[in-house]
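Everything on this sheet refers to the single structure shown next.
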Amino acid sequence: MSERIALVDVNNFYVSCERVFDPKLVGRPVVVLSNNDGCVVARSQEAKSLGITTGAPFFQVKQFMQSHGMVVRSSNYELYGDMSARVMEVLSRYGTWQEVYSIDESFIGVQGNPDQLGKLATTIRAAVARSVGVPVCVGVAPTKTLAKFANHVAKHNAHLGGVCSMDSMDPQLVADIQSRVPVTDLWGVGSRTGTRLAGLGITSIADLKAADVTDIRKKFSVVLQRTVLELNGTPCIAHNEERADKQQIMYSRSFSSPVRTIEEMVEVMSIYAQRGASRLMNDGLWATLLTITAGTSRFASGEASFPSITLKLPAPTQDPILLTRLAVGAMREIMLPGASYVRGGVILSGLQPEPEQAVFGIFDAGSDEKHVGDVLGAVKARFGNKSIGLGSGGLATEPGWSMKRDYSSPKFTTEWAEIPVVKA
DNA sequence: TCTGGGGTCCTAGGACCC
DNA sequence: TCTGGGGTCCTAGGACCC
């Protein structure tokens, strides 16, 4: 009986979600695009085989995709979020603890001898397929870093049937694989660190595993030191079973057409600040810092401008009126009129639970202004997000810069009007 | 013409205090 | 002319992740 960690993740998650509701997509090359239909963020195996890369700008590969009969979808985060919750619920039944690590993957604590662990991994895979309908891979190992690695092995070796439990593997085979897989494929080693490691002759996972930990600590960081320890079987990355409280809430989007005037940017900030305030209320959090940002395209030749400023709020708040007023006022000051902004954002940080003394708006009274937020929230919950808003945030028609989603699938699971109809 | 969004953790350096 | 040392808190920026 040993304690082990399983890392379960959904294969090509967004594409797999689309396929659940549109089985015609099975077996075909499919890609899902980022917000604003900007670039490719998810690809089916068939699309990967045709050479489509993650992050490829859509406009560059559009022709190629059409000529190969690829299916394109805009991202549908409501659908993916709902499907994610279903997968996580199933996984929670199989672990002694669970840490939801991202929208499509979760660590869970598992126990057993090598034989039992292998069977459990297969059982989990079948359970998710049966109750949610998406394919997963399972990696089982003594540490998180190794569980990630095992998952990687499961994914890249079809004959393993989507599971890989390190306890059942021949150690020599593990060593062979680790000497072939580049160190940058490892969880926690990105391209920057990879370049520096290469300078020291460390290019494979096996090289890093054999490196001197104190030397790594000195030359790099405690983060990479932990990775080396974990590769050698010593768990040292803590699990956060209960969701750690959020540290920040960000609402940031690129625009479908550039924003150049103060009037339009005021509209953007007004809407984004109100979205941020709604999220604060949903999460029961109050912000003490407000950051606003905007940016011109990094790919354009025109005048570059990246205005950004952080304001200390007078007291913890979630008030949409105050946040809107401050965001709009600050942006007026720092933006460069005439520059072609392609994105903007509002970040709320210094988050905390309900404070004893909160500030509500520009008046001193308090209760009435708190009321405004509550009423906005209630109306949105009942009639939808676009039903009400303050100032420019209440525009009934979409502004010219708002997000483009030309290839969206319906909200199959979260919108009554869009639930699929089954005819028997 | 058109290149995503939302997070986390760690570190270095400055301000401030005794 | 000489000009400590140690601690905490905060922030900006780097690196990474999906």
Side-chain angles (χ1 to χ4, degrees), chain A residues 7 9-14 31-43 52-63 72 74-77 80-81 84 99-107 144-145 148 151-152 183-197 217-227 236-240 243-258 272 275-276 279 283 288-289 291 293 295-302 306 308-312 340 342-351 401 403-406:
Chain A
L7 187 270
D9 77 343
V10 181
N11 305 342
N12 317 322
F13 181 55
Y14 298 166
V31 302
V32 175
L33 303 177
S34 64
N35 275 331
N36 225 25
D37 295 342
C39 51
V40 174
V41 288
R43 309 157 292 155
I52 301 295
T53 54
T54 297
F58 179 51
F59 73 92
Q60 284 178 6
V61 293
K62 196 171 177 178
Q63 283 298 318
V72 177
S74 299
S75 42
N76 184 342
Y77 288 104
Y80 311 149
S84 172
E99 176 185 343
V100 176
Y101 179 69
S102 75
I103 193 165
D104 75 330
E105 64 188 291
S106 178
F107 291 105
K144 285 186 172 177
T145 302
K148 274 276 199 181
N151 183 281
H152 181 274
V183 71
T184 45
D185 280 9
L186 205 57
W187 186 47
V189 183
S191 63
R192 300 295 178 102
T193 304
T195 305
R196 289 181 56 204
L197 282 169
R217 173 73 183 91
K218 252 182 278 171
K219 295 193 172 113
F220 294 85
S221 67
V222 66
V223 180
L224 195 60
Q225 180 188 33
R226 283 183 200 139
T227 300
C236 45
I237 299 177
H239 2 285
N240 308 315
R243 256 226 187 358
D245 281 339
K246 257 185 224 170
Q247 312 288 309
Q248 59 175 228
I249 286 173
M250 184 184 305
Y251 196 90
S252 162
R253 291 287 181 279
S254 49
F255 314 132
S256 58
S257 56
Y272 288 14
R275 296 278 166 84
R279 289 191 185 178
D283 293 351
T288 57
L289 295 168
T291 303
T293 64
T296 50
S297 171
R298 292 190 308 278
F299 303 92
S301 50
F306 295 89
S308 167
I309 191 170
T310 298
L311 308 175
K312 262 201 172 73
S340 288
V342 298
R343 60 181 309 109
V346 167
I347 301 163
L348 297 159
S349 53
L351 303 180
W401 45 265
M403 187 160 63
K404 199 162 67 178
R405 294 215 299 196
D406 290 345

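Numbers restart at 1 for each chain; the letters A, B, ... are given by sequence-line order, proteins then strands. All values derive from a computational prediction rather than experimental measurement.
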Looking only at side-chain N and O atoms, does [X] come under 4.0 Å of OP1 or OP2 in [N]?
| X | N | result |
| --- | --- | --- |
| A/Arg343 | B/dT3 | no |
| A/Thr193 | C/dC16 | yes |
| A/Arg226 | B/dC10 | yes |
| A/Lys312 | C/dT11 | yes |
| A/Lys144 | C/dC17 | no |
| A/Ser254 | B/dG5 | yes |

Taking any heavy-atom pair under 4.0 Å as a contact, classify [X]: base, sugar-phosphate, or nothing.
| X | answer |
| --- | --- |
| A/Phe13 | nothing |
| A/Arg196 | nothing |
| A/Asp37 | nothing |
| A/Ser75 | nothing |
| A/Asn36 | nothing |
| A/Ile249 | sugar-phosphate |
| A/Gln60 | base |
| A/Leu186 | sugar-phosphate |

Mutual orientation of the aromatic rings belonging to A/Tyr14 and A/Tyr80 [parallel < 30°, tilted 30-60°, perpendicular > 60°]: parallel

Whether A/Tyr101 and A/Trp187 hold their rings parallel, tilted or perpendicular, with breakpoints at 30° and 60°: perpendicular

Could you state the atom-to-atom distance from [atom1] of [X] to [atom2] of [N] in whole Å?
| X | N | atom1 | atom2 | value |
| --- | --- | --- | --- | --- |
| A/Tyr80 | B/dG5 | OH | P | 15 Å |
| A/Met250 | B/dG6 | CE | C1' | 5 Å |
| A/Leu348 | B/dG6 | CG | C1' | 13 Å |
| A/Leu33 | B/dC2 | CG | C1' | 12 Å |
| A/Gln63 | B/dC2 | CD | P | 17 Å |
| A/Arg192 | B/dT11 | CZ | P | 18 Å |
| A/Arg217 | B/dC10 | CZ | P | 10 Å |
| A/Trp401 | B/dC2 | CH2 | P | 19 Å |

[options]: which one has an atom nearest the side-chain heavy atoms of [X]?
| X | options | result |
| --- | --- | --- |
| A/Tyr77 | B/dT8, C/dC17, B/dG4 | B/dG4 |
| A/Ser191 | B/dG4, B/dT3, C/dC16 | C/dC16 |
| A/Lys148 | C/dC17, B/dG7, B/dG4 | C/dC17 |
| A/Ser34 | B/dT11, B/dG4, B/dG7 | B/dG4 |
| A/Ser221 | B/dG7, C/dC18, B/dT11 | B/dT11 |

Aro-ring/base stack A/Tyr101-C/dC18, d under 5.5 Å, angle under 30°: no

Identity of whatever pairs with C/dC10 - Watson-Crick or G-U, under 3.5 angstrom: B/dG13

A/Leu224 side chain near A/Leu197 side chain, heavy-atom distance below 4.5 Å: yes

C/dC18 to B/dT3 separation - P atoms, rounded to the nearest Å: 25 Å

Any donor-acceptor N/O pair, A/Ser84 side chain to A/Ile103 backbone, under 3.5 Å: yes

Polar side-chain atom of A/Ser75 near backbone of A/Tyr77 as donor-acceptor pair, under 3.5 Å: no

Sole residue of A/Ile347, A/Val346, A/Leu348, A/Thr293 in side chain to side chain contact (heavy atoms under 4.5 Å, CB included) with A/Met250: A/Ile347

Heavy-atom pair of closest approach, residues A/Asn36 and A/Phe255: ND2-O, 3.0 Å

Closest-nucleotide ordering on DNA chain B, the 5'-leading residue of A/Phe59 and A/Arg253: A/Phe59

Residue mapping more 5' on DNA chain B - nearest nucleotide basis, A/Gly55 or A/Phe220: A/Gly55

